[in-house]
2 protein chains.
Amino acid sequence: MCIRYLALIPPTPFIRGGAKKCMNFSTRTTYGLRAMIRLAGRKGPESLSLPNIAKAENISLGYLERLFSDLKKGGLVQSGKGVKGGYKLAKPAERIEVYEIVKSLEGKMSPFHCLDEGGKIYCKVSCRCGATKVLIKVQEAVKKTLKGIKLSDLVA
Amino acid sequence: MCIRYLALIPPTPFIRGGAKKCMNFSTRTTYGLRAMIRLAGRKGPESLSLPNIAKAENISLGYLERLFSDLKKGGLVQSGKGVKGGYKLAKPAERIEVYEIVKSLEGKMSPFHCLDEGGKIYCKVSCRCGATKVLIKVQEAVKKTLKGIKLSDLVA
DNA sequence: ATAAATACCTACTAAAATAGTGTGTATTAG
DNA sequence: CTAATACACACTATTTTAGTAGGTATTTAT
């Protein structure tokens, strides 16, 4: 998901055919969120299988499997193999921040760097150029927002 | 720029070689911001040429030209052709929000849509699924933040 | 007038990131 | 023993982003 769409375009009705780019999260995050919402929506203690979720959400199974690998590493879900296997939340939805979900799905990337006059690559340690100042403030705002939303808030 | 990096990674020192992806704005926005900061840093009324900026910021000239086409359409810069030509700010840096810059550079994209159970594509009008709720909140936070920063705040 | 420096325009190419597929192994309930 | 599941890895396809190449029009200085 690119910041531009987030910041620039108000939530307007969809216009079919008019959109080449979207202002969604990446499908990675979108899929992961929606799958987590499904898990959170379960009543009983039974697990929900990935083929089940993939079908319901129309997501490719292989892709979803990798997302859940990340969610599990992030400590957000528990898994069980076998016929009655599947996934369930590792803790109550009330105690899962959306921030944690996004972090698990997208967060193991790179440290912080930026362009600099010296060349295309890269920045000095602790660079604080103008673009960076902006970045830091936006970063803080997004983080705070994501931390303020619990998974349970998203269950219909 | 992807939201994940913004939200997830604190402004840590650069680690050379460790980064495959960055948490910057897209180079489009980064370049544009840096160029605008250069314009804002000028004292006199003379224009600054793109070859000048491109060299100083190590940006490809052709790419920069297209960015400035957008900035001009956005009403943020004025241009002059010819030997003494170039660009200057269309209004004082104190009155230019970073939001305007990002919007000019990245904002002419698509309306809002999201995935839905019905298929990969797309969302009903006024979709308010869980992922969308998150999106809207983040969107508001980012917009507010970008509006709160003036170009003049970024000049060293 | 001419030349040089600039804006400005369009099509094309390259690189990077994202999404999806294919194939396989291990584990578990029945 | 079988079927359904998690889990893993390599590969391909698609989309987005960045950069290049080549041109025209305008303006200033000579």
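Protein chains get the first letters and strands the later ones, always in sequence-line order, with residue 1 at the start of each. Computed over heavy atoms, backbone and side chain alike; hydrogens, waters and symmetry mates excluded.
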Distance, rounded to the nearest Å, where A:L67 contributes CG and D:dC7 contributes P: 13 Å
B:Y31 side chain, from C-beta outward: closest of C:dA19, D:dG19, C:dG20: D:dG19
Sequence neighbours excluded - salt bridge (Lys or Arg N to Asp or Glu O under 4.0 Å) pairs with any residue from residues 84-97 of chain B: B:K91-B:E100, B:E97-B:K147, B:E97-B:K150
Non-hydrogen side-chain atoms of B:M36 and B:V98 separated by less than 4.5 Å: no
Euclidean distance, atom CG of residue A:L64 to atom P of D:dT5 [Å, nearest integer]: 13 Å
Interatomic distance where OH belongs to A:Y63 and C1' belongs to C:dA17 [whole Å]: 10 Å
Touch class at under 4.0 angstrom, heavy-atom based, for A:F68 against every strand present: nothing
Touch class at under 4.0 angstrom, heavy-atom based, for B:K72 against every strand present: sugar-phosphate
Distance, rounded to the nearest Å, where B:L50 contributes CG and D:dA25 contributes C1': 16 Å
Whole-Å distance separating the CD atom of B:E65 from the P atom of C:dA11: 16 Å
Check: B:R66 side chain, D:dG19 base, donor-acceptor under 3.5 Å: yes
Between C:dT10 (P) and B:D70 (CG): distance, integer Å: 12 Å
Pairing of A:E140 and A:K144 as salt bridge, 4.0 angstrom limit: no
Under-4.0 Å side-chain N/O to phosphate OP1/OP2 contact, B:S49 with C:dT6: yes
OP1 or OP2 of D:dA6 under 4.0 Å from side-chain N/O of A:S79: no
No-hydrogen, no-angle side-chain donor-acceptor test under 3.5 Å, A:T145 and B:K137: no
Closest nucleotide among D:dT20, D:dA18, C:dT6 to the B:P51 side chain: C:dT6
Each nucleotide N or O in nucleotides 26-29 of chain D that has a protein N or O under 3.5 Å away: list the pair and distance.
| unit_1 | atom_1 | unit_2 | atom_2 | d |
| --- | --- | --- | --- | --- |
| D:dT27 | O2 | B:V83 | N | 3.4 |

Atom-to-atom span, CG of A:L61 to P of D:dA4 - whole angstrom: 13 Å
B:R28 side chain vs B:L67 backbone, donor-acceptor pair below 3.5 Å: no
Audit row: B:L89, B:L76, side-chain contact (heavy atoms from CB on, under 4.5 Å) steps and yes/no: CA-CA 6 Å; B:L89 296 182; B:L76 301 180; over 6 Å; no
Transitive ILVMFWY side-chain link A:L48 to A:F68, under 4.5 Å: yes
Atom pair distance, as rounded to whole Å: NZ in B:K88 and C1' in C:dA7: 14 Å
